[in-house]
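First comes the structure, then the notes that go with it.
Each residue takes its place number in the sequence, starting with 1. Counting convention: from 1, in listed order, for ligands and their atoms alike.
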Amino acid sequence: MKTHSVHVCKECGTTSPRWAGRCAGCGEWNTLEEGNAHRVARPVRAVAAPLRGVQTSEGTLRSSGIDELDRVLGGGFTPGSTTLLFGEPGVGKSTLALMALRQRALEGEAVLLIAAEESAAQVATRARRLGEIPPNLLLCATMNVEDAEDLIRLLKPVLCVVDSIAAMSDPSLPSLAGSVPQVRHGAERLCAAAKFVGASLVLVGHVTKDGELAGPRTLEHLVDTVLRIEGDRDGSLRILRALKHRFGATSEVGLLEMAGAGLRDLPEASLALPDDLEVSGVAMGVATDGSRSLLVEIQALVATGSGAARRVAHQLSSQRLSLLLAVLEVRCGIDTSTSDVLAASAGGLPALEPGVDVALALAIASAARGFAIAREVVCVGEVGLAGELRSVAGLSRRVREAQRLGARAVIVPVAGELDEVAGLRISRCRTLGEAIEVAQRHEVVKVR
Ligand code: TYD
Ligand code: MG
């Protein structure tokens with residue numbers, strides 16, 4: 001090894017390229033001695049340990065008590081990790097975070113809520129709606145990063161929620177509270193403290209109207225997990241997604257319902273086939289969202305237009321709607337060019353991908369021609385410009401899910417692997433025209 005001569009302080013180990021009377025590191029006099037660079041003596045603080053002996057986080061995940069949240073997290077919160085939970089105002093961030101805190105506290109663990117936006121009384125009002133408040137759920141209403149950090153280090157909570165990170169600031173910094181440097185600095189300090197004591201940290205964030213994380217998009221790379229909670233303010237459905245997840249897949253989707261006592265896992269029953277009165281303009285489809293298949297009820301209304309024909313797509317893709325209307329007109333002779341066409345995924349479940357084309361097209365055909373399709377018929381497939389039915393990703397998974405929730409017959413494209421399932425009639429259709437005929441044969445009530 002090539003070495004070169006250096007001077008090393010025998011007191012503190014500071015090196016210097018040439019001799020000096022006084023060490024620049026510790027200020028002692030006459031402590032520099034000549035030595036070789038590779039022999040520089042300095043106390044070693046870093047530790048290396050055999051990787052095979054390192055504990056994994058498996059089995060140490062902390063359940064939030066909310067199945068749908070755990071599903072998105074891949075089982076629960078990882079110790080020492082930081083999760084950013086963001087969404088629009090009023091969507092239920094504080095409620096979800098508080099429910100997770102309450103669950104861990106009910107399990108007998110110490111948990112901490114840093115309330116930076118609301119008063120203690122406001123937090124207590126929300127908490128009372130959720131039920132009994134365990135004594136080990138601690139609250140500190142502060143906006144001061146240092147105070148929050150001290151509490152995390154002192155109390156070593158298993159779970160700590162900071163609501164919200166945007167409101168936290170360090171008064172010793174020159175920048176304004178809520179500014180990007182403040183929020184970043186706050187998040188960094190709190191993450192470090194949480195990691196040090198092994199706490200799972202949840203930072204609540206805001207989004208502005210355009211969907212950007214208010215100010216700190218920069219927080220995303222700093223945290224381990226980014227969760228977004230979305231939903232219609234008027235509806236009760238809430239959808240939880242992982243946009244980043246260092247500990248697992250980001251394809252899981254959580255479905256929750258805002259109820260009188262907090263958020264709850266969306267009951268499977270509400271996704272099952274509705275047994276309402278059969279009417280025209282309704283077709284059942286299966287949409288996929290991440291790794292999840294969701295049974296969706298597609299509704300369409302074709303009404304005499306007054307003036308310019310309107311097209312409205314709610315929780316459906318308006319591009320797919322336009323394309324399907326053109327295909328219906330040109331390939332199937334169902335002309336809606338002078339009518340208003342309103343289409344929606346009932347219940348607000350998003351069905352934006354092409355796999356629901358057949359269901360949407362059949363709902364429109366059913367509305368335009370006035371026949372009702374039996375609810376136990378579920379339609380899966382994409383529609384091409386030639387009017388052909390095309391296979392879609394996860395076809396067999398979608399069909400299995402439909403059957404599990406009560407489907408008795410499916411309308412699917414000719415292509416695409418499907419397992420034979422007992423009790424399920426599979427109608428393979430080449431074109432949308434064929435699918436309409438089959439759907440009409442499944443007709444239950446003549447409406448018009
Ligand atoms: P909140 O968690 O405060 O939303 P965020 O922190 O995202 O702004 O909850 C907002 C709404 O949820 C509020 O309008 C009241 C409603 N809510 C319920 O319907 N049920 C409940 O049990 C709770 C706690 C809130
Ligand atoms: Mg809130």
Can we say R375 and E297 salt-bridge, meaning some charged N sits less than 4.0 Å from an Asp/Glu carboxylate O? yes
Quick check: do L69 and L227 have side-chain heavy atoms less than 4.5 Å from each other? yes
Check this for me, if you would: do R71 and D265 make a salt bridge, where the nitrogen-to-carboxylate-oxygen distance has to be below 4.0 angstrom? no
Would you sort out whether E257 and R238 count as a side chain to side chain contact (heavy atoms under 4.5 Å, CB included), showing the intermediate values? CA-CA 6 Å; E257 186 178 40; R238 300 289 182 269; over 6 Å; no
Ion pair E107/R62, N-O distance below 4.0 Å: no
Heavy-atom check, side chain of E230 versus side chain of R241, under 4.5 Å: yes
Is the shortest distance from a Lys or Arg side-chain nitrogen in R320 or E353 to a carboxylate oxygen in the other one below 4.0 Å? no
Evaluate L201 against L190 for side chain to side chain contact (heavy atoms under 4.5 Å, CB included), listing each step before the verdict. CA-CA 8 Å; L201 178 67; L190 295 170; 3.9 Å; yes
Carboxylate-amine/guanidinium contact E401 R292, below 4.0 Å: no
What protein atoms of element N, O or S are positioned under 2.8 Å from the Mg ion (ligand 2)? S94 OG
Taking any residue with a non-hydrogen atom under 4.0 angstrom from an atom of ligand 1, which ones do you get? E88, P89, G90, V91, G92, K93, S94, T95, R126, R129, M258, A259, G260, A261, G262
